[in-house]
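Have a look at the structure below before the remarks.
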Amino acid sequence: MSQRTIEDVVFDVFNDILKGEAFEEAFCSVICHTEETEKWKKEYCVNKMKNMFTQAQQEESVEIALKTYIHLVYEQMNSGRVTLLTDLLESMVEQNIVSARPICEILLNQEKLTYKSPHIWNGTFKLIRKIVGGVDYKGCRDILRMVLEKSHTIPMVDNVTIMSQINVMMDVITYILDRNTCLLPAYFAINEITKVCSDDKTNHWKLGKLLAEFIDSFRPAAQMFTVSGRSHLVPIVGHSLSTSHVWRLNTSTLKFPLNGPLPYDKDLCKPQTGLLRYVLEQPYSREMVGNMLGLNKQVKQRCEVLEEQLVDLVVMAMERSENEDSAAEDGMNQLLWQHLSSQVIYFVLFQFASFPHMVLSLYEKLKGRNMNKGRDHLMWVLLQFISGSIQKNPLKDFLPVMKLYDLLYSDNEIIKMADVSKAQSTHKVASTCIWIHLLKKAQTVQVKLPRPIPYALQEHQEYFEQNLQSKSFSLNDFRIALLCNAYSTNNDFFNLPMGKLMESIYGDNKHTTLLPGNIVACAPTQPLPMNLLDSLTVHAKMSLIHSIVHRVMRQAKTKSSVAHAPALVETYSRLLVYMEIESLGIKGFISQLLPTVFTSHAWGILHTLLEMFSYRLHHTQPHYRVQLLAHLHTLATVPQTNQNQLHLCVESTALRLISGLGNAEVQPQLSRMFTEQNRTGFLSTESEELNRALVLTLARAVHVNGPESFAATWFREILNQIMQNTPHSWPDNTLVCFPQNLRDYFQQNIIQREDKQALKRNVDTEYRKWKSMANEDDIIAHFSMQGTAPLFLCIIWKNMLEEHNLPPTAYKVLDRLGPRALSSHLRTFADYMVFELNLSGVSGQNINKYIDTLNDMVWKYNIVTIDRLVLCLALRNFDENEARLCYLITHMLLLKPVEFKTRVHDFVRENSPEHWLQSNWHEKHMTFHRKYPEKFYYEGIQDLNSPIQHQYLPVYFGNVCLRFIPVLDILLHRIIEQPSLSNLAEKILESLGILYKFHDHPITYVYNTLHYYHKILSQRAGLKRRLVHSVMHAYQDIRPGNWFLSEDYQQFIKSDSLEWDPDLEYYIRLIGRLVDTINGNSPFPTCDWRFNEFPSPAAHALYVTCVEMMALPVPGDKVGRCLLDVVLKSCSHLPRNKVVSWMNAVGLVMTALPDTYWHALNNKIYEVINSKTLATPGGCQPFQIFNFTVSHAQIAEQYSSYVLAICHAVWHHAGIGQLSQLPIFLRETLKPSVKTEEQLLFIFHLFGPFLQRLHSEKTKCLMEIVIEFYEILVNVDRYCEHLRYVDPISDFLYHVKYMFIGDLVKNEVEKFIRTLRPALQLRLRFISHINIPEEALTPLAPPMST
């Protein structure tokens, strides 16, 4: 049957029904109505309808029939007829002839449904109200959306006559939203309301009130997913996880990315400009800013909010400059502007910010403000970008700067020329430099600038014109910098001043100087000072570094016999600290310069570059360091690099790189390398020591970050590759300290230790051959043969013990073997020597003989260097007795003979680690090497008739003392692991701890040591104190007393007692110091953070605080308790408006401490859960006492809200490895105690805010926690007679389902829901789609108000 036919049927039925109505209307005065006639009429009409829809169903045309019928209904002008016709539709639904959902949807989609036709409007909504109960929950959601959309057609202000239309529509909405009727999850309803009723769409006031009240009913749920005081929590650049989503903001609005339709607190919904500005102010924050805003360097995307904050930062810095005296201008203020210019260049360069828009915004913000000091700095920042980009971009992009000239420079008075002997002169003439660049660009494109140079700058311009004629320049002032800055885009004038700079560091072949090993180098030894480099624009610095790199590469290819000038090498290393020239700087160093030098086999230059990286570079991004590590392992396999000095340098640099990997850097960098094509390039194929060092670094990172961070496949694959390259095992004392997953791996992959008795027999056999063979060529061939056992050092050792000398043939064998093969000989020798001492007995005579012989091998015969020998000894797998002997030998070798001790003490006494402030490093470097010349070859007693000639490589920075520092780090850790050597580490620190003056990360090393070995060191207060004192003492001559430890701890160091239990005031002072530093009022001495261990004052403050906490002679859980009490017990003494800042500081410290310190927080949570307030049903109003923000503002806070807030602060800063422990804490500690609704809601408040993070980073933990939620809910349901908070509980669980968990735990959850009381089953039935018995669907009495 055609579509027209079903419509005909509908017309016929419709007319038939209304025909009777027409007769009744015509003869209403004479017709007598009875119950029987009314009943018959209704049955007649119903049967007609029934037949019609039955036919439509057979033809699958029900929708067409409905649309036709409803269209005819809407044509009626008589309200009685509309009522009859809608009643018939209701009957069809009651008899299950037609579903309610299509009727409702077709009704609401009619264009004629308008409030201006009240009989249609009212009839429609009355019908929907009657039948909507039969619609499924998704249909109810759609119907609610359609009703809300219709509600927008009613004007907000109208005649009172439309109230009936509003009331009938509100009846429908009220019924659908009724939580007790529960037609759909209330969560669905609020989702539709927030989508349809957005801010730009308004509702009638009566409906608005209804919807507002419904939305407000979700505020408890929103509260349970909110981190207390979140808008006041801030990260620390250089510590906080920059790759985490914790600090993510919306790229367009700077708002937190809040999940779902919940009505979150207003503070959370505001743009977080303060947070972004705080991070932007921190040095080295580019990566964190990019992660916060989701910026991708590969996608050119302007971010207006970032642009606005950069402008605001510049304006704020200008205001600060106006308020500072001139003395401060040359200090840290210049570093601030250096940082701002670096940020502007980076974000504009990658097109995240628009330079013209920023200039126009600056113009608007500076109108009407007189900033004579600040304008110079502003122009300096603009000059940085303009000078570097004006050649490649159109002039129109830079013309907005003209408006700043109009605003900032008067035409009434001339600005005097600045004093060129001061660095600030470069800022004061920056505006003139910009003008010169603009003028040059205008001349190039043959256009005229819209205005002449400001009258105020004419004296500056005249100065530049006069100095262009000068041919003589001095490095004692900043005249060269001024000319370079002004003319860097004009080669006619730029080449002369830049040439003078280059000449001062290049030198010529006529004047030379000497390097260690009598290497001839070009003469200039004084590098360009940092204040001069800081005074150059980015463009000028790029020209300088480009020239240096080009010169180095050219010399690498020509293989000049004269080494580079010390001034050039030092200046190049200083230029590499500038992040704004990264592409030509460190990036070019790693990806261009190093490969070119290697390809050219310029081993001297390669040695120089590796020295620079080891001793001069700071804050190099981790991916560059890992990339260099891969290069080094490739180098180690090339035959040409099997040369003593270069091999030693390569291994020392690799050791520094491996040991220097930060705890937060290991996982992202190694996992990234593993996924790339050269997946194991960062692993050594030969050096067991380097791979052991990497295992120790992995162990440290796993310990600090938590094992869950290293649960991926790549972690085990790295270990497999290490074991394949260099099979090894670890002593039990070391394995005990390993994290569980690492310990399990090595216990499952056991490598049998070599049979020491067999080793002794083999050595004796080979030694007899050594003594019996007469032909030198045969001896050399035999003992250097590839594939033979690596025993030659053992033979040398025995020979020296017996004869107290070494024949020249031994040197020839050693030379033939080469350093790479000698490494395996050294490992065998270490095992053999300790075994021999163990056999012969530990007597004073034996020990002294062994030490003297070892000392001769190192210092007299130059067979092995002290750092390689000690590193090998420290990393061997000895049993406990052998380890004791090994470290005893090591201790005596380092401290008994004078050779090493005197070198260390002389070097530390005469030198400073602040190389960036020095101009005479080379002079002191040569003085040390002349007094203690370092031999890398076996030249002690060679046969003079046939000497072996070796080529030494240039050494600019290194020496045995500096090379020994990473070895000392490892040695101390190995000794700490030995319980029988409790005093040995202290003795070594007492003598060699002064070396930490030159450690590149001394505080980080102490932090890692105290953290990793906190269980062992908890019983060794003296060693902890000695360790921190060693670093403090090492820096006593170059750092103020307050740079590291607090005055309280310094007094403890001076006391004889090892017992000290600080009071709460001590912890308040310590946390207060961190709070002040984060807020920009650092009590620490100012320094150049580009060369500091940490990238910012806040990072420094955090780590020194954590070190001091761990170094206290107090159990960790007690320290943790005191840290929490700083806020929980001393809150009345803290500034009320800064309490969250104190919580933020405590959170940062707690997450940076070992797990033991967390026990106090877990105990506080347990105490609150079991408190009388929460353990008593109905004992409190939970949503009031758990809301920290509101209760704190009302001075009505509760202990439970403080605990909740401090817990949120701690967990917000926690790593995912730490958060991965939450399911265990919930299951084993908290769940058994939870019986009441109040306790359950506290749990929801506690865990709710962190489900999003678990969803993103650790779904397994999220699933476990959600299952625990339902188990706890079942317990509460059984324990409590009455439940008052059914709706907030349901809202919470629905949010968890639809925002995080989905159907991942559907089967488990369904079992729990089936056991709940009817009220909960009714509300939660949509989560698992279970069928609820009919009696349970009866509307319930409303629960108590929340």
Side-chain angles (χ1 to χ4, degrees), residues 284 515 527 545 548-549 552-553 556 563-564 566 568-579 581-600 602-636 641 645-662 665 669 673 681-682 684 687 690 693-694 697 867 913 915-916 921 925 953-959 961-967 969 998-1001 1004 1090-1093 1095:
Y284 302 96
L515 293 172
I545 199 170
I548 291 174
V549 170
V552 173
M553 292 172 67
H564 290 295
L568 181 147
V569 176
E570 187 81 74
T571 300
Y572 181 36
S573 68
R574 290 180 177 182
L575 284 167
L576 290 176
V577 307
Y578 293 97
M579 293 183 68
I581 57 173
E582 178 185 328
S583 58
L584 286 177
I586 189 62
K587 185 177 181 181
F589 180 96
I590 297 292
S591 59
Q592 183 183 8
L593 184 55
L594 267 177
T596 301
V597 168
F598 173 66
T599 305
S600 303
W603 308 126
I605 297 177
L606 177 63
H607 187 274
T608 301
L609 298 179
L610 296 184
E611 269 205 306
M612 280 174 50
F613 206 94
S614 293
Y615 305 120
R616 285 297 182 264
L617 300 194
H618 303 257
H619 304 303
T620 307
Q621 293 183 36
H623 65 274
Y624 290 129
R625 285 181 271 136
V626 175
Q627 192 177 344
L628 176 59
L629 183 60
H631 280 320
L632 293 179
H633 289 321
T634 303
L635 276 174
T641 61
Q645 191 180 358
L646 183 58
H647 185 267
L648 178 64
C649 181
V650 168
E651 289 221 334
S652 296
T653 307
L655 181 63
R656 279 180 173 271
L657 289 170
I658 292 169
S659 301
L661 278 173
E665 295 170 350
Q669 292 306 317
M673 289 292 289
F682 55 90
S684 175
S687 175
L690 292 181
L694 182 58
T697 300
D867 51 312
H915 54 83
W916 59 96
W921 165 263
H925 174 65
L953 303 176
V955 177
Y956 294 90
F957 308 119
N959 57 57
C961 302
L962 293 175
R963 283 202 317 273
F964 192 77
I965 291 173
V967 177
D969 291 349
F998 292 88
H999 199 297
D1000 50 356
H1001 293 91
T1004 304
R1090 295 173 299 179
F1091 298 99
N1092 195 271
E1093 174 179 1

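Atoms considered below: every heavy atom in the structure, side chains included; atoms not considered: hydrogens, waters and symmetry mates.
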- request: For residues His925 and His915, establish whether the separation of their ring centroids is below 6.0 Å.
  value: no
task: Kindly indicate whether the side chain of Glu611, heavy atoms from C-beta on, has any atom under 4.5 Å from the side chain of Val569.
output: no
Residues forming a ring pair (Phe, Tyr, Trp, His ring centres under 6.0 Å) with Tyr615, sequence neighbours excluded: none
- prompt: Quick one: does His607's side chain have a donor or acceptor within less than 3.5 Å of a partner on Pro954's backbone?
  reply: yes
Minimum side-chain heavy-atom gap Leu646-Leu635 below 4.5 Å: no
message: Quick check: do Leu648 and Asp867 have side-chain heavy atoms less than 4.5 Å from each other?
response: yes
query: Does some side-chain heavy atom of Gln669 sit less than 4.5 Å from a side-chain heavy atom of Arg625?
result: no
Leu632: which of Leu610, Leu655, Thr641 passes side-chain contact (heavy atoms from CB on, under 4.5 Å): Leu610
- prompt: Residues two or more places apart in sequence or in another chain: which of them pass ring pair (Phe, Tyr, Trp, His ring centres under 6.0 Å) with His631?
  reply: none
Euclidean distance, Leu690 CG relative to Ser652 OG, rounded to 0.5 Å: 9.0 Å
field: Spatial distance of atom CZ (Arg616) from atom CZ (Phe957) [nearest 0.5 Å]
entry: 4.5 Å
- prompt: In Å and rounded to the nearest 0.5 Å, what is the NZ to NE2 distance from Lys587 to His623?
  reply: 8.0 Å
query: Do the side chain of Thr697 and the main chain of Ile658 share a donor and acceptor less than 3.5 angstrom apart?
result: yes
message: Do Arg1090 and Tyr284 have side chains that approach each other closer than 4.5 Å (heavy atoms only, starting at C-beta)?
response: yes
- prompt: Would you call Val955 and Gln645 a side-chain contact if the rule is heavy atoms closer than 4.5 Å?
  reply: yes
- request: Side-chain contact test, heavy atoms from C-beta onward, threshold under 4.5 Å: evaluate it for Thr653 versus Leu657 and give yes or no.
  value: yes
field: Check: Ser573 side chain, Met612 main-chain N or O, donor-acceptor pair, under 3.5 Å
entry: no
query: Which salt bridge (charged side-chain N to carboxylate O under 4.0 Å, His left out) pairs, counting each pair once, include a residue from residues 647-660, with sequence neighbours left out?
result: Glu651-Arg868, Arg656-Asp1000
message: Can you confirm whether Leu576 sits close enough to Ile545 that some side-chain heavy atom of one is under 4.5 Å from a side-chain heavy atom of the other?
response: yes
